[in-house]
Undergrad: 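Sharing a structure here in C-alpha cells format.
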Amino acid sequence: VILLILLDGKKYRDELLEEYKNTIKKENLDIRLDIILVGNDSASEIYVKNKLLCAEKIGIKAILHPLDENTSEDELIDLIHELNEDREVTGIILQSPTPESIDFDKCANEIVSNKDIDGFTKENINNLYHNRETILPCTVKGIIKLLEHYGIALDGKNVTIIGRSKIVGLPLALALENKNATVTLCHSHTKDLENHTKNADILISAVGQAGLIEGDMVKEGFIGVDVGITRVDKKVLGDFDFESTSPKASYITPVPGGVGPMTVAMIMDNLIFTKKREKR
Ligand code: NDP
C-alpha cells in the first residue's frame, strides 16, 4: 500500500503570499504590476481578476489595461513601449490568448526583458536555454517550487511531460533538464503514449483533456503533476483520471488546488525577484 500525499498548491500558495507580504512591507518594496487584456475572453477575465486581487492583497499595486477586441498590433505595442519606459512599472503581463488579429509572440516579445514577468521574451528564454539566472515562466516555476517544497528531488529522475506548448511544456522541459532530470517530452504525434507515461517517476500533464491519463498508464509510486484545466459545467477537471491514478501515486496534485494557485503566486515571486534585482 502506498501512502498518498497531496501536493497542496493552495496551502503552499497561502504560506508564500504571507511571506511575500512581509518581505514587501519589511523591505519597503514599491512594486507595480500592469496587466494588458485584449478582448473579452471569459476565462482570461477570471485569471486576470485573480492576479489583480492577489497582487493587491500583498501590497503590490496592480493596474489593468483593458483593450478593445479590435485593438491593432501597433496600438498594443505602443502601450507596451510606454509601460517599458515608465519607471513606476515593475512588471508587465500581456494576457494570453490575444485575439486572432494579434501575433501574441511578437507583441509579448516587445516587453522589455527585465519587466517580462511571464518570462516569454527572447532574452529570458535564451537565459533558460543556457541555464542562466532568469525570469522563469510562472507555471514552470510554480511546479518546480511545489515539488521542492515537498522534498521531491529532480536530479536523475525520469520525468515525462505531456504537452509541448511554448508557455508550459517546452520551457518546463528545459527547466527540468537544467535540474538534471531525464526529460521525455510527449505531444499529439507521440506514438504509444503509455510507454512514456509508465516509465515516469514524475509524470506531468499539460494538455487540457480531462481524464487523458488513466490508472493503467502510470507506474506504482509515481509522482503526478496535473496542469490541465477543463471546465465541465461548473466543475474544473484535470488531465489525470484522479480516481484510477491516485491509488498508484506517492504524490499527486489535486485539480483544482494544485498547480493553478502556484502559478499565480509565482507572478508575485517574479515581481519581487525583479524588484530586488533592479535594486542591486
Ligand atoms: P496548448 O493547447 O497550447 O498545448 C497542448 C499540448 O498538448 C500540445 O503540445 C499538444 O500537442 C498536446 N496534446 C494534445 N492532445 C494530446 C494527446 N492526446 N496526447 C498527447 N499530447 C496531446 O495548451 P497549454 O500548454 O497552453 O495548456 C495546457 C493545459 O494546461 C490547458 O488545459 C490549460 O488550461 C492548462 N494550463 C494551466 C495552467 C495552470 O496554472 N494550472 C497554466 C497554463 C495552462 P501538439 O503540440 O502536437 O499540438
Side-chain angles (χ1 to χ4, degrees), residues 6-13 16-17 35 41-51 53-54 93-98 100 103-105 108 117-120 125 136-147 159-176 183-200 203-214 216-218 224-232 235-242 245 252-270:
L6 278 185
L7 298 167
D8 191 340
K10 204 168 156 214
K11 181 158 165 252
Y12 187 35
R13 172 204 59 193
L16 285 170
L17 291 181
I35 303 181
D41 179 73
S42 60
S44 293
E45 280 171 353
I46 299 171
Y47 294 145
V48 165
K49 203 173 132 207
N50 282 340
K51 293 173 189 178
L53 283 174
C54 185
I93 289 177
L94 174 59
Q95 182 65 36
S96 152
T98 46
E100 295 269 326
D103 180 341
F104 177 83
D105 290 345
I117 289 313
D118 276 327
F120 292 159
I125 294 165
L136 260 188
C138 298
T139 305
V140 173
K141 194 175 193 178
I143 291 169
I144 293 174
K145 213 156 162 107
L146 186 61
L147 292 172
V159 181
T160 297
I161 301 169
I162 316 174
R164 57 172 166 182
S165 75
K166 303 283 186 286
I167 62 168
V168 187
L170 195 56
L172 182 61
L174 284 171
L176 295 180
V183 179
T184 304
L185 188 57
C186 302
H187 44 76
S188 70
H189 293 245
T190 299
K191 295 200 174 78
D192 296 323
L193 187 64
E194 209 174 305
N195 270 339
H196 303 290
T197 56
K198 267 194 172 142
N199 183 43
L203 179 61
I204 306 175
S205 187
V207 174
Q209 199 174 302
L212 174 72
I213 316 291
E214 293 177 346
D216 55 4
M217 296 169 71
V218 297
V225 176
D226 196 343
V227 187
I229 295 174
T230 307
R231 282 168 215 281
V232 180
K235 273 183 88 176
V236 177
L237 300 173
D239 292 348
F240 286 75
D241 173 36
F242 196 82
T245 53
I252 197 165
T253 55
V255 176
V259 176
M262 290 301 296
T263 298
V264 182
M266 290 306 105
I267 294 173
M268 310 306 144
D269 196 281
N270 279 345

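Please read all numbers here as calculations on a predicted model, not as lab measurements. Keep in mind that the numbers below use all heavy atoms, side chains included, and drop hydrogens, waters and symmetry copies. Remember, it's 1-based here, ligands and their atoms both numbered in the order they're listed.
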Undergrad: Looking at ligand 1, does C186 have a heavy atom less than 4.0 Å from it?
TA: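 Per 4.0 Å heavy-atom rule, C186 does not contact ligand 1.
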Undergrad: Do I162 and I213 come within less than 4.5 Å of each other through their side chains, counting heavy atoms only?
TA: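 Answer yes - side chains close enough.
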Undergrad: Write out the residue and atom name of the closest protein heavy atom to atom 26 (O) of ligand 1, then the distance separating them to 0.1 Å.
TA: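 Looking only at protein heavy atoms, the one closest to atom 26 (O) of ligand 1 is I167 CD1, 3.6 Å.
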Undergrad: Got a donor-acceptor contact below 3.5 angstrom from the T190 side chain to the L193 backbone?
TA: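 Checked: no pair found.
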Undergrad: Check whether any side-chain N or O of D192 sits under 3.5 Å from a backbone N or O of N195 as a donor-acceptor pair, and report yes or no.
TA: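 Checked: no pair found.
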Undergrad: Can you check which of S188, G260, G169 brings a heavy atom nearest to atom 10 (C) of ligand 1?
TA: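 It is S188 whose heavy atom sits nearest to atom 10 (C) of ligand 1.
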Undergrad: Closest approach of G238 and V255, non-hydrogen atoms and distance?
TA: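 Heavy-atom minimum between the residues: N-CG1, 3.6 Å.
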Undergrad: At a non-hydrogen distance cut-off of under 4.0 Å, which region of I162 contacts ligand 1 (side chain, backbone, both, or neither)?
TA: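 Side chain only.
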Undergrad: Should D105 and K166 count as an ion pair when the cut-off is N to O under 4.0 Å?
TA: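 K166 and D105: not salt-bridged.
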Undergrad: May I ask you to identify the nearest protein heavy atom to atom 21 (N) of ligand 1, giving residue, atom name and distance to one decimal place in Å?
TA: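 So the nearest neighbour among protein heavy atoms is H187 C, 3.2 Å.
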Undergrad: Considering only the protein, which heavy-atom contact is closest to atom 6 (C) of ligand 1, and what is its distance?
TA: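 Nearest protein contact, heavy atoms only, for atom 6 (C) of ligand 1 is G163 CA, 3.6 Å.
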Undergrad: So which protein heavy atom does atom 24 (P) of ligand 1 come closest to, and at what separation?
TA: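 Answer, as residue, atom name and distance: S165 OG, 3.7 Å.
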Undergrad: Atom NZ of residue position K145 - does it have more than 12 heavy atoms of other residues, nucleotides or ligands inside 6.0 Å?
TA: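 It does: K145 NZ has more than 12 such atoms within range.
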Undergrad: Could you identify the single nearest non-hydrogen protein atom to atom 31 (C) of ligand 1 and state the distance to 0.1 Å?
TA: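 Protein heavy atom at minimum distance: G208 CA, 3.9 Å.
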Undergrad: At a non-hydrogen distance cut-off of under 4.0 Å, which region of T263 contacts ligand 1 (side chain, backbone, both, or neither)?
TA: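 Side chain only.
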Undergrad: Do M262 and M266 come close enough that some side-chain heavy atom pair is under 4.5 Å?
TA: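 The answer is yes, as the side chains (C-beta and beyond) meet within the 4.5 Å cut-off.
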Undergrad: Which one holds for V168 and ligand 1: side chain close, backbone close, both close, or neither close, with close meaning a heavy atom under 4.0 Å?
TA: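 The side chain, only.
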Undergrad: Is a side-chain N or O of T160 found less than 3.5 angstrom from the main chain of T197, in a donor-acceptor match?
TA: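 Absent.
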Undergrad: Could you tell me whether Q209 approaches ligand 1 through its side chain, its backbone, both or neither, with non-hydrogen atoms closer than 4.0 Å?
TA: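 For Q209, the contact with ligand 1 is made by the side chain alone.
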Undergrad: Closest heavy-atom contact between C138 and D118?
TA: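 Answer, listing the atom of C138 first, then D118: SG-OD1, 3.9 Å.
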Undergrad: Which residue supplies the protein heavy atom nearest to atom 34 (O) of ligand 1, what is that atom called, and how far is it?
TA: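 Here the nearest protein heavy atom works out to I229 CB, 3.7 Å.
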Undergrad: Quick one: nearest non-hydrogen protein atom to atom 9 (O) of ligand 1, plus distance?
TA: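 Ranking protein heavy atoms by distance from atom 9 (O) of ligand 1, first comes R164 N, 2.8 Å.
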Undergrad: Nearest protein heavy-atom contact for atom 38 (C) of ligand 1: which residue, which atom, what distance?
TA: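 Protein heavy atom with the smallest distance to atom 38 (C) of ligand 1: V227 CG1, 3.9 Å.
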